[in-house]
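So the structure is just underneath, and the comments pick up after that.
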Amino acid sequence: MKKLFLGLLSVMLMVLVGCHDSDNVKNTKSDTALLIIDVQNDYFPGGSMELVGAKEAGENAKKMLEYYRSKKLPIIHIKHIATNAGATFFLPNTPGAEINALVAPNKDEKVIIKHYPNSFRETDLQEYLKAQGIKNLVITGMMTDVCVESTTRAAFDLGYSNTVIGDACATRDRELNGEVVPAATVHESFLAGISALDNLYAKIVNTQDYLKGK
């Protein structure tokens, strides 16, 4: 009887291990990718276009990056290089244009160079995502109301299901009709806009909730 019990226990353990391995394989082949947009030095303190809350947003983007690395899930870094006349930040071959150390890419991670707010415009992002079988994007980055918003809307138009990590994004104060619109208001308004109509363009979650599976 004891041998029978031990035999059954052994079989149960093998099944549980097999299920765990199966889950790992499934996660490795996930159709969800992390997109980190323009988390570059010029947006941080001392940079040419400092944002409000850049460091905090960068720290949260780092947490997301570490999570995706630990799960061996697809990661794509977007790096903006300014080529337009009169540009004052993200200039070619300058330290300010480099991806910040918080989310510096590993050698095996995809880096895409863009020149417009929309990360899909005149880049190979769409081709890369299709080749990898990606259907869902988890989006972090800067600035909330420019490149993050533009890329999110474009991704929706291309058929992707989007989640934006709200506290892993940042922007700066804006001006309208001679009055300052605080960065926090700009940030919240644009997140509210892309999540309107039952999360039409994107679902908005914070870092901790995402990491907890909420």
Side-chain angles (χ1 to χ4, degrees), residues 30-51 54-55 57-69 72-165 168-172 190 194 201-202:
S30 172
D31 59 359
T32 300
L34 176 66
L35 207 60
I36 305 176
I37 302 173
D38 300 357
V39 182
Q40 295 165 242
N41 291 331
D42 271 337
Y43 282 156
F44 287 78
S48 298
M49 185 59 68
E50 184 177 343
L51 306 186
K55 189 174 185 300
E59 292 283 1
N60 285 324
K62 178 182 178 180
K63 292 175 184 177
M64 293 296 299
L65 177 59
E66 290 174 342
Y67 174 81
Y68 268 68
R69 283 173 175 166
K72 301 187 186 306
L73 295 171
I75 298 163
I76 304 162
H77 301 261
I78 306 294
K79 179 180 179 181
H80 191 98
I81 297 297
T83 56
N84 54 301
T88 60
F89 63 101
F90 293 167
L91 300 177
N93 305 312
T94 63
E98 294 304 313
I99 294 174
N100 188 265
L102 287 171
V103 293
N106 287 340
K107 291 182 179 179
D108 61 342
E109 292 170 356
K110 178 71 171 176
V111 179
I112 291 177
I113 304 297
K114 69 176 177 65
H115 305 295
Y116 298 94
N118 174 4
S119 299
F120 290 93
R121 181 176 173 180
E122 298 180 20
T123 72
D124 66 343
L125 178 57
Q126 168 70 337
E127 290 75 14
Y128 181 79
L129 294 174
K130 288 176 66 176
Q132 299 297 314
I134 302 300
K135 297 178 180 178
N136 310 294
L137 295 176
V138 175
I139 300 170
T140 67
M142 305 168 183
M143 295 183 273
T144 312
D145 52 325
V146 187
C147 297
V148 171
E149 191 255 3
S150 177
T151 299
T152 300
R153 290 184 184 275
F156 169 81
D157 289 341
L158 291 169
Y160 295 97
S161 176
N162 303 312
T163 298
V164 173
I165 309 301
C169 301
T171 188
R172 66 200 312 260
F190 273 81
I194 59 176
Y201 287 97

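Looking at heavy atoms from C-beta onward, V146 lies out of side-chain contact with T171 at the 4.5 angstrom threshold. Residues I139 and V148 form a side-chain contact, since some pair of their non-hydrogen atoms from C-beta on lies under 4.5 Å apart. With contacts defined as side-chain heavy-atom distances shorter than 4.5 Å, the pair I194/R153 qualifies. Contact of the R121 side chain with the K114 side chain is not registered, since no non-hydrogen atoms from C-beta on lie closer than 4.5 Å. Proximity of D31 to N136: side-chain heavy atoms (C-beta onward) are separated by under 4.5 Å at one or more points. In this structure the side chain of Q132 never reaches within 4.5 angstrom of the side chain of P74, judged on heavy atoms. Side-chain contact between V138 and Y68 is present, with heavy atoms from C-beta onward closer than 4.5 Å. Here the side chains of T140 and N60 are not in contact, with every heavy-atom distance at 4.5 Å or above.
Distance check: K62 NZ to R69 CZ gives 9.5 Å after rounding to the nearest 0.5 Å. Residue C147 holds its SG atom at 4.5 Å from CG of D38, rounded to the nearest 0.5 Å. The distance from atom CE of M49 to atom CG of L51, rounded to the nearest 0.5 Å, is 8.5 Å. Atom OG1 of T83 is separated from atom CG of L91 by 10.5 Å, given to the nearest 0.5 angstrom. Going from atom CG of L73 over to atom OH of Y67 covers 6.5 Å, rounded to the nearest 0.5 Å. In this structure, the separation between CZ on F190 and OG1 on T152 is 11.5 Å, given to the nearest 0.5 Å.
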side-chain contact (heavy atoms from CB on, under 4.5 Å) evaluation trace for I36 with M64:
CA-CA 9 Å; I36 305 176; M64 293 296 299; over 6 Å; no
Take K63 and E59, measure what salt bridge (charged side-chain N to carboxylate O under 4.0 Å, His left out) needs, and give me the verdict at the end.
CA-CA 6 Å; K63 292 175 184 177; E59 292 283 1; over 6 Å; no
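Under the 3.5 Å distance criterion, the side-chain polar atoms of N162 are matched with a main-chain donor or acceptor of Y201. Proximity of a side-chain donor or acceptor of E149 to a complementary backbone N or O of T144 within less than 3.5 Å is not detected. Checked by atom type and distance alone, the side chain of D42 pairs as donor or acceptor with a backbone atom of S48 at under 3.5 Å. Side-chain N or O atoms of T32 include none that pairs as donor or acceptor with a backbone N or O of L137 at under 3.5 Å. A donor-acceptor pair is defined here as one N or O able to donate and one able to accept, closer than 3.5 Å; such a pair exists between the side chain of N41 and the backbone of P95. Checking side-chain atoms of N100 against main-chain N and O of L102 turns up a donor-acceptor pair under 3.5 Å.
Nearest heavy atom pair, residue A97 against residue Q40, reads O-NE2, 2.7 Å. Residues A82 and P92 come closest through the heavy atom pair O-CD, 3.4 Å. Pairing each heavy atom of A170 with each of A57, the nearest pair is CB-CB, 3.9 Å. Nearest heavy-atom pair across G58 and V103 is O-CG1, 4.2 Å.
Under a 4.0 Å N-O distance rule, the pair K110/D124 qualifies as a salt bridge.
Partner of I134 under the side chain to side chain contact (heavy atoms under 4.5 Å, CB included) criterion, chosen from L125, I76, L129, L35: L129.
Between F90 and Y43, the ring planes lie perpendicular to each other; the angle is over 60°, past the 30° to 60° tilted range. Ring-plane geometry between H115 and H80 is classed as perpendicular, the angle between the planes exceeding 60 degrees on a 0 to 90 degree scale with a lower cut at 30.
More than 12 heavy atoms of other residues, nucleotides or ligands lie within 6.0 Å of CG in N106, so this atom counts as buried by the packing criterion.
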